[in-house]
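Everything on this sheet refers to the single structure shown next.
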Protein chains: 2
Amino acid sequence: MADVADPHPEPERATAGSKTLDNGIRVLKALAQHPRGLTMTELATAVGAHRTVVYRLLGTLTRHGLVAQGPDNRYQLGLAIIELSGAVRPDLQTLAQAPLRELADETGATAFLSLLDGDEVVSTLVVEPLHADAHVAYRLGTRHPVTLGSAGLAILSARAPRANERGEISLARERGYSVSQGEIQRGAWGLAAPIRPRSGDAEASVGVVALQPLDEVHVARLVMDTAETIGKLIP
Amino acid sequence: MADVADPHPEPERATAGSKTLDNGIRVLKALAQHPRGLTMTELATAVGAHRTVVYRLLGTLTRHGLVAQGPDNRYQLGLAIIELSGAVRPDLQTLAQAPLRELADETGATAFLSLLDGDEVVSTLVVEPLHADAHVAYRLGTRHPVTLGSAGLAILSARAPRANERGEISLARERGYSVSQGEIQRGAWGLAAPIRPRSGDAEASVGVVALQPLDEVHVARLVMDTAETIGKLIP
DNA sequence: TTTGAGATGAGCGATAATCGCACGTATAGT
DNA sequence: ACTATACGTGCGATTATCGCTCATCTCAAA
């Protein structure tokens with residue numbers, strides 16, 4: 001099994017690091033990559049620890065509900081994860097949901113809210129359009145580099161101009177939205193606009209993805225309106 | 001430590017437990033209860049560990065993106081949590097979203113999907129109605145005992161009848177839905193129906209919550225239809 | 001049914017990771 | 001400016017963890 005590409009590269013100074021906790025988290029991340037569940041030995045090889053270690057970790061994780069074993073005795077992520085996720089930026093989750101749904105339905109495309117995390121962009125909220133024949137399956141929590149995809153470009157366009165930035169960023173800064181095609185997913189078309197809260201910088205963006213290019217002018221207007229709506233809701 | 005001659009094999013086992021991992025998880029859960037963030041010393045007292053211990057744990061958690069510190073240096077849950085939550089029953093998350101949204105809009109009430117976890121019920125998916133003056137703020141990942149609230153009663157009503165079960169359960173089994181009032185939240189009214197997948201038992205339910213009782217016959221029909229729709233989507 | 005291969009759960013000693021104290025520094029409040 | 005509170009980091013003693021081992025269990029094939 002390929003290892004998880006860790007988005008948070010550890011500095012060479014391994015000063016503050018807890019090995020046991022690290023192992024436990026790697027168990028969780030390994031399970032996250034295999035939604036159908038993993039068996040004990042598969043897990044052990046996946047995280048590179050001996051079975052007995054994983055066994056004890058699973059005991060603690062299970063007791064906290066972060067891991068549960070399905071009917072086939074395979075281990076999978078437990079519902080306590082959802083409990084935790086409900087506490088991640090609850091303001092955004094509640095405030096942005098309704099505008100995103102309207103955006104998704106009006107454009108007929110999958111709408112999403114992306115947040116900056118280090119030098120990567122994470123899709124924090126994804127809403128698929130209700131009545132659409134084929135929509136893009138955009139998984140919650142997807143990560144890409146900021147420099148790729150309309151969502152990241154939109155966030156970068158909200159910053160002060162930099163010398164060697166991509167031309168798309170300058171263009172997005174002028175127009176107020178960014179467009180990308182095939183950068184994240186083959187053949188996918190995306191359009192996004194940065195969210196500007198009343199104070200500070202949210203380092204966030206709203207956007208839509210579709211399987212084929214949409215009416216850029218029309219969609220851009222809707223996306224920017226949604227971004228403005230959400231921005232006004234955020235302090 | 002003094003228990004030597006144990007006449008009965010102890011019912012509860014403190015078998016496999018990892019203290020460090022346990023501390024780390026308790027940090028996460030403490031942060032989940034304080035969405036506005038916690039400072040280092042607050043965290044230390046919250047989990048009952050010394051600051052230096054929490055410090056090292058936070059290092060590992062931050063490196064994995066599970067914890068991030070806001071602009072005021074307070075620690076809060078990070079976006080990697082959302083990454084993990086996207087892998088918890090992804091099938092349910094994608095399949096049930098659209099039906100729940102229709103249910104929420106048609107009834108004007110908050111719609112939710114609840115899953116059984118041990119002897120508790122967890123709200124796994126919550127959708128608030130788009131155009132509603134006042135809706136119930138139902139937090140994702142909320143837990144209650146199965147025996148309380150319409151969602152839990154609905155799940156119990158899908159099981160085989162038991163001798164001393166609450167009358168509401170028998171009633172729900174006859175009617176196909178359950179109603180409760182004020183059991184979870186003061187003054188809140190809830191109606192739920194069990195989800196019956198094509199095979200096995202999902203141990204799940206769909207429901208709505210409102211601040212005041214709604215038209216029971218009408219809403220019950222909509223909720224049961226939604227439960228059936230979702231049930232057909234699940235293998 | 002018997003047999004056997006593979007996976008699982010648990011006991012236990014050596015070792016390495018963790019704990020908790022101490023000290024030096026940064027920040028806020030008066 | 002000065003005090004008080006909170007923060008970040010070394011370091012030794014101790015403890016929790018690691019990884020070996022063996023007994024038990026599941027399931028498939030003979």
Over all heavy atoms of both residues, which pair between G24(B) and L57(B) is shortest? Give the atoms and the distance, please. N-CD1, 3.9 Å
Can you check the L43(A) CG to dT8(C) C1' distance for me, whole Å? 14 Å
Pairs under 3.5 angstrom only: tabulate donor-acceptor contacts from the side chains of residues 82-90 of chain A to other protein residues two or more places apart or in another chain.
| from | atom 1 | to | atom 2 | distance (Å) |
| --- | --- | --- | --- | --- |
| E83(A) | OE1 | R143(B) | NE | 2.5 |
| E83(A) | OE1 | R143(B) | NH2 | 3.4 |
| E83(A) | OE2 | R143(B) | NE | 3.4 |
| S85(A) | OG | I82(A) | O | 3.0 |

Could you tell me whether D22(A) contacts a base, only the sugar-phosphate backbone, or nothing, with contacts defined as non-hydrogen atoms closer than 4.0 Å? nothing
Tell me the salt bridge (Lys or Arg N to Asp or Glu O under 4.0 Å) pairs involving residues 223-233 of chain B, sequence neighbours left out? E228(B)-K232(B)
For L153(A) and S150(A), run side chain to side chain contact (heavy atoms under 4.5 Å, CB included): C-alpha distance rounded to whole Å, both residues' side-chain angles, the deciding distance at 0.1 Å, then the answer. CA-CA 5 Å; L153(A) 296 178; S150(A) 56; 5.6 Å; no
T41(B) or L21(B), whichever maps to the more 5' nucleotide of DNA chain D: T41(B)
Using atom CG of D72(A) as one end and atom P of dA7(C) as the other, report the distance to the nearest whole Å. 15 Å
Between S18(B) and dA16(D), is there a side-chain N or O to OP1/OP2 distance below 4.0 Å? no
Y55(A) OH to dG11(C) C1': how many Å, rounded? 12 Å
Regarding E203(B) and R159(B), does a basic nitrogen lie under 4.0 Å from an acidic carboxylate oxygen? yes
M40(A) CE to dC25(D) C1', in whole Å, measures 14 Å
Exercise: do E168(A) and S178(A) side chains pair donor with acceptor under 3.5 Å: no
Quick test of your reading: applying salt bridge (Lys or Arg N to Asp or Glu O under 4.0 Å), list the pairs with at least one residue in residues 27-51 of chain B, sequence neighbours left out, ordered by first then second residue. E42(B)-R74(B)
Five pairs at each end of the helix from dT1(C)-dA30(D) to dT30(C)-dA1(D): take the axis at both ends and give me the angle between them to 10°. 50°
Could you check L113(A) against L115(A) for side chain to side chain contact (heavy atoms under 4.5 Å, CB included), going step by step and ending with a plain yes or no? CA-CA 7 Å; L113(A) 174 74; L115(A) 263 60; 4.0 Å; yes
Report all interatomic pairs (protein N or O, nucleotide N or O of nucleotides 26-30 of chain C) with separations under 3.5 Å.
none

Quick test: give all pairs of protein nitrogen or oxygen and nucleotides 19-23 of chain D nitrogen or oxygen below 3.5 Å, distance rounded to 0.1 Å.
| from | atom 1 | to | atom 2 | distance (Å) |
| --- | --- | --- | --- | --- |
| dG19(D) | N7 | T52(A) | OG1 | 3.4 |
| dC20(D) | OP2 | H50(A) | ND1 | 3.1 |

Mutual orientation of the aromatic rings belonging to F112(B) and Y138(B) [parallel < 30°, tilted 30-60°, perpendicular > 60°]: tilted
Full working for side chain to side chain contact (heavy atoms under 4.5 Å, CB included) between T45(A) and T41(A): CA-CA 6 Å; T45(A) 60; T41(A) 18; 5.6 Å; no
Between P on dG20(C) and CG on N23(B), what's the gap in Å once rounded to a whole number? 9 Å
Show the numbers, then the answer: is there a side chain to side chain contact (heavy atoms under 4.5 Å, CB included) between V54(B) and H50(B)? CA-CA 7 Å; V54(B) 177; H50(B) 283 249; over 6 Å; no
For the pair made of CG in L57(A) and P in dT17(D), what is the distance, rounded to whole Å? 9 Å
